[in-house]
Chemist: 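Have a look at this one.
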Amino acid sequence: MELLYGPIRDYAWGSRSAIAELQGRPVPSAGPEAELWLGAHPGGPATVDRDGDRVSLTDLLVAEPDGWLGDRLVARFGPRLPFLLKVLAADAPLSLQAHPDAGQARAGYAVDAARTGGPRNYVDPYHKPELLVALTSFDALCGFRDPVVSAAALAGLGVPALEPVVAALRTGPAGLRTAVKTLLSWPDADRVGLVDAVRAAGVAGPDAELARALAVSYPGDPGVLVALLLHHVRLAPGEAIWMPAGNLHAYLRGTGVEIMAASDNVLRGGLTPKHVDVDELLRVLRFEVLVDPVVAARPVAPGVRCWPVPVDDFALHRVTVDATVPVVRLSLPGPRVVLCTGGRVSVDDGTGLVPLDRGQAAVGAAVVAPLTFSGAGEAFVATVGA
């Protein structure tokens, strides 16, 4: 293993304290710090030390794909790291968004790659499922809830213009597509008035409060109302949400560890000034009720928990070492990225032991030896799936 240094993305919705505190730097930071990237994504590759210089992990993978990734991984995914590990720190809502499945991504990229003026929606041929595990209390919107419940929430706002949307939702899941399309296709000239009417509604309740709060940040954005069709969840530390293809979601506030397939394919659905392709979003979305978006951790071994997901691009484990479990040995397919999120943890993959303080990360190539953890603290381990 060797130390891994990840770039920090300064998106406007980022926190000025969470990542700085994690890494032991002064708070507040000079600007928003939204995401810490720990991987080989070409848009922000992490680096390692080589002869006194920092070398991109992406460049190392290109130079030695079999050594870093192993024959099996190269055969399955090509000469690239198929996952990206992040620390995500939201101090304001992110956009409503969904991601294509693998077939949709390949087909969409083939069309967009030939498009004059550059890609419109698909910038690579890969899907982008995501798993986020909360480090703090974390608010998110994730997946469609019972549309009858959503109908009651919208009706309760007392805005007559919303009656066609309410009527569609009252028909059950079959009305979800109509409701979303109606809201996102609302005439531009009337959008500000619609959202202003929602802000002015003197209605109490969590749904109305959420709509008003979003309307302050996104005036004139119909995504404020689309948000009320989704589950509003508050994760406790250690709880997770799984976002498969076609799942409409948005992060609202909090800090978490996120792992995702290494892709940039995003179809936005509101709460953003960026491009929203309504027709393509409707084609990708799965208009079905998500019963429970929260994923509980599963014990794997003493001191080890994971959050199983039905993809082989990635897997995420959390290791805790302490007086009760002073040493953990974990056999996982390489390459492995390890992030310490608490205390001080040492990790050894048989090629070298690396001590990690809170906020530090390490990476190791595809070796057969198990990972050995010691010390007193907590670390997340990102790998490919089984």
Side-chain angles (χ1 to χ4, degrees), residues 83-84 86 88 90 93-108 121-122 124 126-134 138-147 149-150 169 172-181 183-184 210 214 222-235 239-254 256-272 274 276-296 307-316 385:
F83 64 82
L84 174 62
K86 299 180 180 180
L88 184 146
L94 283 67
S95 64
L96 283 168
Q97 57 189 262
H99 310 295
D101 63 28
Q104 292 166 336
R106 285 193 297 269
N121 294 307
Y122 298 94
D124 58 59
Y126 309 117
H127 68 166
K128 193 173 180 279
E130 301 169 339
L131 174 77
L132 181 135
V133 180
F138 196 101
D139 283 354
L141 303 170
C142 185
F144 291 113
R145 61 180 178 176
D146 183 342
V149 175
S150 298
L169 292 171
L176 280 170
R177 176 184 290 272
T178 298
V180 174
K181 183 176 182 179
L183 289 170
L184 292 183
L210 173 63
L214 293 175
V224 168
L225 293 162
V226 176
L228 299 189
L229 309 187
L230 308 179
H231 290 282
H232 181 193
V233 298
R234 177 164 293 170
L235 302 176
E239 291 184 323
I241 45 175
W242 159 242
M243 283 133 313
N247 173 298
L248 191 61
H249 62 276
Y251 300 141
L252 301 180
R253 187 177 296 272
V257 171
E258 183 184 44
I259 189 167
M260 51 180 269
S263 169
D264 277 331
N265 288 324
V266 177
L267 282 304
R268 293 179 176 85
L271 306 184
T272 178
K274 296 182 179 179
V276 176
D277 187 331
V278 176
D279 290 339
E280 188 64 16
L281 177 68
L282 294 174
R283 192 179 72 83
V284 164
L285 284 180
R286 293 180 179 174
F287 291 99
E288 55 195 32
V289 175
L290 182 63
V291 177
D292 186 0
V294 178
V295 180
W307 296 263
V309 294
V311 296
D312 63 353
D313 305 72
F314 59 79
L316 187 66

Chemist: What pairs with Y122 under ring pair (Phe, Tyr, Trp, His ring centres under 6.0 Å), at least two apart in sequence or on another chain?
Modeler: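 Expected list: none.
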Chemist: Which atom pair, heavy atoms only, marks the closest approach of S263 to K128?
Modeler: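 Closest approach of S263 to K128: O-CE, 3.0 Å.
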Chemist: Could you walk me through whether V266 and H99 pass the side-chain contact (heavy atoms from CB on, under 4.5 Å) check?
Modeler: CA-CA 5 Å; V266 177; H99 310 295; 3.7 Å; yes
Chemist: Rounded to the nearest 0.5 Å, what separation is found between the CG atom of D146 and the CG atom of L169?
Modeler: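 Reported value, rounded in 0.5 Å steps: 9.5 Å.
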Chemist: If you measure from CE on M260 to CG on D313, what distance do you get to the nearest 0.5 Å?
Modeler: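 Those atoms lie 10.5 Å apart.
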Chemist: Which atom names give the shortest non-hydrogen contact between L176 and E288, and what distance separates them?
Modeler: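 The answer is CD1-N, 4.2 Å.
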Chemist: For L252 and H232, what are the C-alpha separation, side-chain angles and deciding distance, and is it a side-chain contact (heavy atoms from CB on, under 4.5 Å)?
Modeler: CA-CA 9 Å; L252 301 180; H232 181 193; 3.7 Å; yes
Chemist: Mind listing the closest non-hydrogen atom pair of L290 and G143 along with its distance?
Modeler: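 Minimum heavy-atom separation between L290 and G143: CD2-CA, 3.9 Å.
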Chemist: For Y126 versus N265, what's the shortest heavy-atom pair and its separation?
Modeler: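 Nearest heavy atoms, Y126 then N265: O-ND2, 2.8 Å.
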Chemist: Under 3.5 Å, sequence neighbours excluded: what are the donor-acceptor pairs made by side chains of residues 240-250?
Modeler:
unit_1 : atom_1 : unit_2 : atom_2 : d
H249   : ND1    : Q97    : O      : 3.2
H249   : ND1    : N247   : O      : 2.9
H249   : NE2    : E130   : OE1    : 3.2

Chemist: What closest approach, in Å, do L96 and A227 show between heavy atoms, and which atom pair accounts for it?
Modeler: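 Taking L96 first and A227 second, the nearest heavy atoms are CD1-N, 4.2 Å.
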Chemist: Keeping the roles fixed (side chain from D139, backbone from G254), state whether a donor-acceptor pair exists under 3.5 Å.
Modeler: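 Such a contact is absent between D139 side chain and G254 backbone.
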Chemist: Walk me through whether L267 and L285 qualify under side-chain contact (heavy atoms from CB on, under 4.5 Å).
Modeler: CA-CA 9 Å; L267 282 304; L285 284 180; over 6 Å; no
Chemist: Report the C-alpha separation of F287 and L282 in whole Å, then their side-chain angles, then the decisive distance to 0.1 Å, and conclude whether the side-chain contact (heavy atoms from CB on, under 4.5 Å) test is met.
Modeler: CA-CA 9 Å; F287 291 99; L282 294 174; 3.7 Å; yes
Chemist: Can you tell me how far apart CG (L214) and CG (L141) are? Round to the nearest 0.5 Å.
Modeler: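 Here the interatomic distance stands at 7.0 Å.
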Chemist: How many angstroms lie between atom OH of Y251 and atom CG of L132, to the nearest 0.5 angstrom?
Modeler: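 One finds 4.5 Å between OH of Y251 and CG of L132.
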Chemist: Does S150 reach the side chain of F144, with side-chain heavy atoms less than 4.5 Å apart?
Modeler: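 No; the side chains remain at least 4.5 Å from each other.
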Chemist: Where do L271 and V224 come nearest, in terms of heavy atoms and distance?
Modeler: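 In terms of heavy atoms, the two residues are closest at CD2-N, 3.7 Å.
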Chemist: Taking side-chain hydrogen bond (donor to acceptor under 3.5 Å, both in side chains) as the definition, give me every residue that meets it alongside R283, ordered by chain and number, with sequence neighbours left out.
Modeler: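 By the side-chain hydrogen bond (donor to acceptor under 3.5 Å, both in side chains) rule, R283 matches E280.
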